[in-house]
Amino acid sequence: MFFLGDVLNKKLKLPSPSEALPGRANAIPTAASHYVSGIAQKSEAPDGFETVYFGMGCFWGAERLFWQTPGVWLTAVGYAGGITPNPTYQETCTGLTGHAEVVKVIYDPKQVSLGELLRIFWESHDPTQGMRQGNDVGTTYRSTIYTTTDAQLQAAEASKAEYERALKAKGLGRVTTEIMAAPVFYYAEEDHQQYLAKNPYGYCGLKGTGVACQVPAGAAAAAG
């Protein structure tokens, strides 16, 4: 029992630099192209497009949610917000890399606003659960928004405050979502990229609170 409790504690607490796994200098292999769109998986955002990163628990279902959204040009899953360089999936699952499972979303703000992406993000998972999402337990599954512009950061913070008020009105807890400028993103292995396109009946743990998100007008405008 003590051993199991110790393991669980490690998975619920972010590691210190001295506890983190060492990782490796080189990137782990990933897919050459997006399984659904055929676009090169590591493509840079075209001129006028923007990039944002969302963590909503297991990244399989979250990625499908965004690649199906009109205006989203490219998605990828990977690891961000931790310490270990170039981690593997198995390493992140130990809780000793500090990373969250996230979806990289490159979108055309002329076709879809960040406000709409934020609405999808908030309504599609439970951002009050801390280091877990449903039955998926550990720091890897924490709720995150990693931004690449000051406008995105301000919009994300404004939407968080508004959604927290909506959740409180329904008797739910405070939002635990981590919002910050995007740290280094490491692409996950090929088999995790667009997993639910390759395995349509595979696991998807996405489950929202049922509370609607009204993105503040300022946040929606800042999104482009």
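Just the heavy atoms: all of them, side chains too, but no hydrogens, waters or symmetry mates, feed the values below. These numbers come from a predicted model, not from an experiment.
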Practice problem: Let me see the working for Thr148 and Gln152 under side-chain contact (heavy atoms from CB on, under 4.5 Å), right down to the final yes or no. | Solution: CA-CA 7 Å; Thr148 59; Gln152 284 183 357; 3.2 Å; yes

Quiz item: Atom CH2 of Trp67 and atom NE2 of His34: how far apart are they, to the nearest 0.5 Å?
Solution: 6.5 Å

Quiz prompt | salt bridge (charged side-chain N to carboxylate O under 4.0 Å, His left out) involving Arg119 - partner list, sequence neighbours excluded | solution = Glu116, Glu123

Exercise. Is it possible for you to say whether Leu114 and Val112 belong to one hydrophobic cluster, with membership spreading through side-chain heavy-atom contacts below 4.5 Å?
Key: yes

Quiz prompt | Whether Gln111 side chain and Val72 backbone form a donor-acceptor pair below 3.5 Å | solution = no

Practice problem: Apply ring-ring contact (aromatic ring centres under 6.0 Å, His included) to Tyr79 and Tyr186, showing your working. | Solution: CA-CA 5 Å; Tyr79 317 111; Tyr186 300 102; 8.1 Å; no

Quiz item: To the nearest 0.5 Å, what is the distance between CD (Gln194) and NE2 (His192)?
Solution: 12.0 Å

Quiz item: Considering all heavy atoms of both residues, which atom of Ile83 and which atom of Pro15 are nearest to each other, and what is their separation?
Solution: CD1-O, 3.4 Å

Quiz item: What are the two closest non-hydrogen atoms of Asp126 and Gln133, and how far apart are they?
Solution: N-OE1, 2.7 Å

Self-check item: Check: Gly55 main-chain N/O paired with Thr144 side-chain donor or acceptor under 3.5 Å
Solution: yes

Quiz item: Taking C-beta and beyond as the side chain, do Thr147 and Ile145 meet within less than 4.5 Å on heavy atoms?
Solution: yes

Quiz item: Is the shortest side-chain N to carboxylate O distance from Arg142 to Glu178 below 4.0 Å?
Solution: yes

Exercise. Taking the side chain as every heavy atom from C-beta outward, state whether Glu162 and Glu157 have any pair of such atoms under 4.5 Å apart.
Key: no

Quiz prompt | Cluster link Phe59 to Leu74, ILVMFWY, side chain under 4.5 Å | solution = no

Quiz prompt | Side-chain H-bond candidate by donor/acceptor type, Glu63 with Thr75, under 3.5 Å | solution = yes

Quiz item: Does Val102 belong to the same Ile/Leu/Val/Met/Phe/Trp/Tyr cluster as Val184, with side-chain heavy atoms less than 4.5 Å apart forming each link?
Solution: no

Quiz prompt | Gap separating the NZ atom of Lys207 from the OG1 atom of Thr209, nearest 0.5 angstrom | solution = 10.5 Å

Quiz prompt | Check: Thr176 and Gln129 side chains under 4.5 Å, non-hydrogen atoms | solution = no

Quiz item: Which value, rounded to the nearest 0.5 Å, describes the distance between Tyr89 atom OH and Ile28 atom CD1?
Solution: 12.0 Å

Quiz item: Hey, are the side chains of Tyr146 and Pro183 touching, using non-hydrogen atoms and a 4.5 Å cut-off?
Solution: yes

Exercise. Return yes if some donor-acceptor pair links the side-chain N/O of Lys110 with the main-chain N/O of Gly71 below 3.5 Å, else return no.
Key: no

Quiz item: When you look at Arg174 and Glu164, which way does the side-chain contact (heavy atoms from CB on, under 4.5 Å) test go after all the steps?
Solution: CA-CA 6 Å; Arg174 71 178 184 86; Glu164 192 162 55; 3.2 Å; yes

Quiz item: How close do Trp122 and Val175 get, heavy atom to heavy atom, and via which atoms?
Solution: CZ3-CG1, 3.8 Å

Exercise. Provide the closest heavy-atom pair for Leu118 versus Ser159 in the form atom of the first, atom of the second, distance.
Key: CD1-OG, 3.8 Å

Quiz item: Taking Gln193 for the side chain and Val77 for the main chain, is one N or O donor matched with an acceptor at less than 3.5 Å?
Solution: yes

Quiz item: Quick one: OH on Tyr53 to NZ on Lys104, what's the gap to the nearest 0.5 Å?
Solution: 4.5 Å

Exercise. Using side-chain contact (heavy atoms from CB on, under 4.5 Å) as the criterion, list what pairs up with Phe49, not counting sequence neighbours.
Key: Ala45, Pro46, Trp73, Ile106, Asp108

Exercise. Please report the shortest heavy-atom distance between Val105 and Phe54, naming the atom on each side.
Key: CG2-CD1, 4.0 Å

Quiz item: In this structure, are over 12 heavy atoms from other groups packed under 6.0 Å from Lys168 atom NZ?
Solution: no

Exercise. Specify the closest pair of heavy atoms between Thr177 and Ser143, including all atoms of both residues, with the distance to one decimal.
Key: OG1-OG, 2.7 Å

Quiz item: Where do Leu172 and Val211 land on the side-chain contact (heavy atoms from CB on, under 4.5 Å) test, with the steps shown first?
Solution: CA-CA 10 Å; Leu172 299 175; Val211 177; 4.0 Å; yes

Quiz prompt | Within one Ile-Leu-Val-Met-Phe-Trp-Tyr cluster: Tyr163 and Ile179, side-chain cutoff 4.5 Å | solution = yes

Quiz item: Would you say Val103 and Phe121 make side-chain contact, with heavy atoms under 4.5 Å?
Solution: no

Quiz item: Can you tell me how far CG of Asp136 sits from CE of Met131, rounded to the nearest 0.5 angstrom?
Solution: 14.5 Å

Practice problem: Look at the aromatic rings of Tyr203 and Trp60 and report parallel, tilted or perpendicular, splitting at 30° and 60°. | Solution: perpendicular

Exercise. May I ask you to decide if the ring planes of Tyr187 and Phe185 are parallel, tilted or perpendicular, using 30° and 60° as cut-offs?
Key: perpendicular

Exercise. Examine distances only and state if a side-chain atom of Glu101 and a backbone atom of Gly78 form a donor-acceptor pair shorter than 3.5 Å.
Key: no

Quiz item: Is there side-chain contact between Leu65 and Leu206, with heavy atoms separated by less than 4.5 Å?
Solution: yes

Practice problem: Report the C-alpha distance between Thr69 and Ile120 in whole Å, list the side-chain angles of each, state the deciding distance to 0.1 Å, and finish with yes or no for side-chain contact (heavy atoms from CB on, under 4.5 Å). | Solution: CA-CA 9 Å; Thr69 300; Ile120 293 169; 3.7 Å; yes

Practice problem: Determine whether the side chains of His99 and Thr140 contain a donor N or O and an acceptor N or O closer than 3.5 Å. | Solution: no

Quiz item: Any sub-3.5 Å donor-acceptor pair from Asn199's side-chain atoms to Tyr195's backbone N or O?
Solution: yes

Self-check item: Asn26 side chain reached by Asn86 side chain, heavy atoms, under 4.5 Å
Solution: no

Quiz item: So, do Arg24 and Glu91 sit near enough that their side-chain heavy atoms are less than 4.5 Å apart?
Solution: yes

Practice problem: Determine whether the side chains of Thr97 and Thr84 contain a donor N or O and an acceptor N or O closer than 3.5 Å. | Solution: no

